[in-house]
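Worth saying up front: this structure is predicted, and the values here are computed from it rather than measured. Naming convention: chains lettered A, B, ... in sequence-line order (proteins, then strands); numbering from 1 in each chain.
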Number of protein chains: 2
Amino acid sequence: MATTLSYTHLFSFTEAVFKSIGCSDEDATLATETLLAADLRGIDSHGVARLIGYVRLWEAGRINATPRVGVTYETPSTAVVDGDGGLGLVVGPKAMEVAMEKARQVGTGWVSVKNSNHFGIAGYHAMKALAHDMMGIAMTNASPLVAPTYSLERLLGTNPIAVAVPAGDQPDFVLDMATTTAANGKLEIAQRKNLPIPEGWAQNADGTGSTDPNAVKNGGALLPLGGATGSHKGYGLGAVVDIFSAVLSGANYGPWVPPFVAFLQPSANPVGEGLGHFFGAMRVDAFRPAAEFKAHMDNWITTFRNARATEGQHVLIPGDPEREMSGKRLLEGIPLLDPVIQDLESVGAKFGVKL
Amino acid sequence: MATTLSYTHLFSFTEAVFKSIGCSDEDATLATETLLAADLRGIDSHGVARLIGYVRLWEAGRINATPRVGVTYETPSTAVVDGDGGLGLVVGPKAMEVAMEKARQVGTGWVSVKNSNHFGIAGYHAMKALAHDMMGIAMTNASPLVAPTYSLERLLGTNPIAVAVPAGDQPDFVLDMATTTAANGKLEIAQRKNLPIPEGWAQNADGTGSTDPNAVKNGGALLPLGGATGSHKGYGLGAVVDIFSAVLSGANYGPWVPPFVAFLQPSANPVGEGLGHFFGAMRVDAFRPAAEFKAHMDNWITTFRNARATEGQHVLIPGDPEREMSGKRLLEGIPLLDPVIQDLESVGAKFGVKL
């Protein structure tokens, strides 16, 4: 049911595909690194399984393979970056570089991005800051699949928030979370296995709670983080992501965010350009000496990790499971389901690239 | 069961109490405005009901009524503020001023605060930015009542996050949320009414889910936002609040955060000074012209507000209920439960201030 490919093998293939659609060598490498970060970290829904989706968007003329990514507006600590319709996988890292350069100059940098496309996993972008002793923040809006509390309409994406914090001897802290109870990928898994989904994940088209894995497909919606008594909080967080990513930059927001799938058309009356992201970088030593901060971060991490836990469990630090998965998959390879392999083969065939 | 007092009446009384413990006229007014913002907005647990708690902490020598609040470390866009053991109600607004001044200079300002105390509601501080066409962000850590996912120990506070965004013709967007499913105040209400609490709010001392409103009192813990399948997200958000508020500034974090109640002693081996806050201010026009931003914010708000909703409901914008409550209570007065009235009378008697 699954084929395991090495990271380097998958990297070469993916890079060749990005070059085939016209990306420069540099951009193809960058896009591949960004995309495969999801596969390495075990977030299979956002990785190479989406390669065919990006290619289809490019075929539909909705992705520019040779974007001129640039700053269109700025202050010493902020910028708006125009992604020129490029791959979010390329636009994102370039915008994060701008945020980090601002942080070098004035302590922090904050960049809102318009005219971009899906950027892979938020955590990858936030983690870029770690090597520079900075905290990294990344958010993006996304195609509308989520109903705010009481809404029958889908107005928000799964709008993830990632925050990466450098530690000293301990592994870094990396939070990367959708602002929904469950990501759409989890519904897809339930669909394939024909299993009911837990309460609180989705609603039917009439707004009633659903345990049907096909609820969203059938006109329902994903639900914001928080469940029966707290979904207004997840809705509020998803709203903040949308505002910071798109109302600030001039991208599309809410129901106007362009769909990722090529068979759905973007709005004929957009309120902005493409979809939006938001990046932040904060130099640790803009607040206190980095060594001091890291020593306390290590203490924070070990205190939480060593807390008494329920039988058979232990307290995890955000980023632990993904880091372990990453180590394992670098060593053992990345398992890909048969439908994903078939998609990759068909993409490869299109450009004469062998998987 | 409840007595209704006018805002101005309650303001004069509270201001006189703060003066009685030694606050300067200016600080007493500021502390009162900050504290009563909670009562106006309907967040009764964080308002004047806590006045006796602040007074007891002052009596125990744990609040400095005449703090020298100042910047101890800074870059053009960041600062650490030392609250000198003062009321968070006073330290908070002063630190937010520093953040806004930085934003005036370089686009954004970010301030982490140490050596402070509880600061009332986060939303009040974030909203300070609105009059200046800035987005405001406020967070604070708090006494440990919350168990991270799988933990039997309480390691985090309810650690709220507030984000305020200015609009044009529409009322502003104000998100103010604890990173738990329910605030402790909601458990206290259930205790008074002797009603069970919903699943997902709290756990027993052994880590099992609880519907007992006394669960937290009896060695259990509040649960992070997200419920059965998503509490790792609320835990992650609460952790970010703790790190930004305290590991960055040099305040106490995690289980070391000093308790609000005077009968519980702070840790004999603190890892920092007092408790911590984090404030951010982002000038809207550091990203795009303010009028343009506000026009799109108005469109965002009306789109969400007018979405089709479940029978008998409508989609709320974060801040709607609190703004309506505020208008009502300014007009009709603030209802206070008998036990709160009794506490206020006993505080008043102490200083010869009549309620």
Turns out that what part of A:Ile137 lies under 4.5 Å from chain B's heavy atoms comes down to side chain

Please say whether more than 12 non-hydrogen atoms of neighbouring residues, nucleotides or ligands are located less than 6.0 Å from CD in A:Gln170.
-> yes

Whatever's closer than 4.5 Å to a heavy atom in chain B on A:Pro321 counts as neither

When the 4.5 angstrom heavy-atom criterion is applied to B:Asp176 and chain A, the contacting part is neither

When the 4.5 angstrom heavy-atom criterion is applied to B:Val165 and chain A, the contacting part is side chain

From the list A:Thr149, A:Val284, A:Thr303, the residue making the most non-hydrogen contacts under 4.5 Å with chain B is A:Thr303

If you tally heavy-atom pairs under 4.5 Å between each of A:Ala178, A:Pro148, A:Gly109 and chain B, the highest tally belongs to A:Ala178

With chain B, the option among A:Glu74, A:Glu311, A:Met135 that has the most non-hydrogen atom pairs under 4.5 Å is A:Met135

Highest number of heavy-atom pairs under 4.5 Å with chain A among B:Ser151, B:Gly230, B:Gly254, B:Gly234 belongs to B:Ser151

Q. Aromatic ring centroids of A:Trp300 and B:Trp256 under 6.0 Å?
A. no

Interatomic distance, CE@B:Met282 vs OG1@A:Thr75, rounded to 0.5 Å, equals 11.0 Å

Counting heavy-atom pairs under 4.5 angstrom with chain B, the leader among A:Gly319, A:Gly207, A:Gly272, A:Gly236 is A:Gly236

Applying a strict 4.5 Å limit to non-hydrogen atoms, the region of A:Ala103 in contact with chain B is neither

If one checks every heavy atom of A:Val247 against chain B at 4.5 Å, the contacting part turns out to be both

For a side-chain contact (heavy atoms from CB on, under 4.5 Å) check, start with the C-alpha distance between A:Arg288 and B:Leu248, then their side-chain angles and the critical distance, and finish with the verdict.
CA-CA 7 Å; A:Arg288 72 193 294 189; B:Leu248 264 188; 5.7 Å; no

Under 4.5 Å to a heavy atom of chain B? For A:Ala246 that would be backbone

Turns out that what part of A:Leu175 lies under 4.5 Å from chain B's heavy atoms comes down to side chain

Whatever's closer than 4.5 Å to a heavy atom in chain A on B:Val163 counts as side chain

Looking only at B:Val80, B:Leu225, B:Leu156, B:Thr179, most heavy-atom pairs under 4.5 Å shared with chain A are made by B:Leu225

| Do B:Thr78 and A:Thr108 have a side chain donor and acceptor closer than 3.5 Å? | no

A:Lys233 side-chain N/O to B:Thr180 backbone N/O, donor-acceptor pair under 3.5 Å | yes

Q) Cut-off 3.5 Å, side chains only: do A:His296 and B:Tyr253 have a donor facing an acceptor? A) yes

If you tally heavy-atom pairs under 4.5 Å between each of B:Phe293, B:Phe287, B:Phe304 and chain A, the highest tally belongs to B:Phe287

Of the listed A:His232, A:His314, A:Gln203, the one with the largest count of heavy-atom pairs under 4.5 Å with chain B is A:His314

Donor-acceptor under 3.5 Å (A:Ser77 side chain, B:Val106 main chain): yes

*asked:* Tell me whether B:Glu199 at atom CD has more than 12 heavy atoms from other residues, nucleotides or ligands lying less than 6.0 Å away.
replied: no

Comparing B:Thr208, B:Thr181, B:Val111, B:Leu237 against chain A, the one with the most heavy-atom pairs below 4.5 Å turns out to be B:Leu237

Most heavy-atom pairs under 4.5 Å with chain B, out of A:Pro224, A:Gly312, A:Gly107, A:Ala286, belong to A:Ala286

OG1 of B:Thr310 to CG of A:Asp206, rounded to nearest 0.5 Å, is 9.5 Å

On a heavy-atom basis, the closest approach of A:Arg308 and B:Glu153 is N-OE2, 2.7 Å

query = Under 3.5 Å, side chain of A:Tyr235 to main-chain N/O of B:Leu316, donor-acceptor pair present?
reply = yes

### Message
For the backbone of B:Tyr150 and the side chain of A:Gln313, can you confirm whether one donor and one acceptor N or O come within less than 3.5 Å of each other?
### Response
no

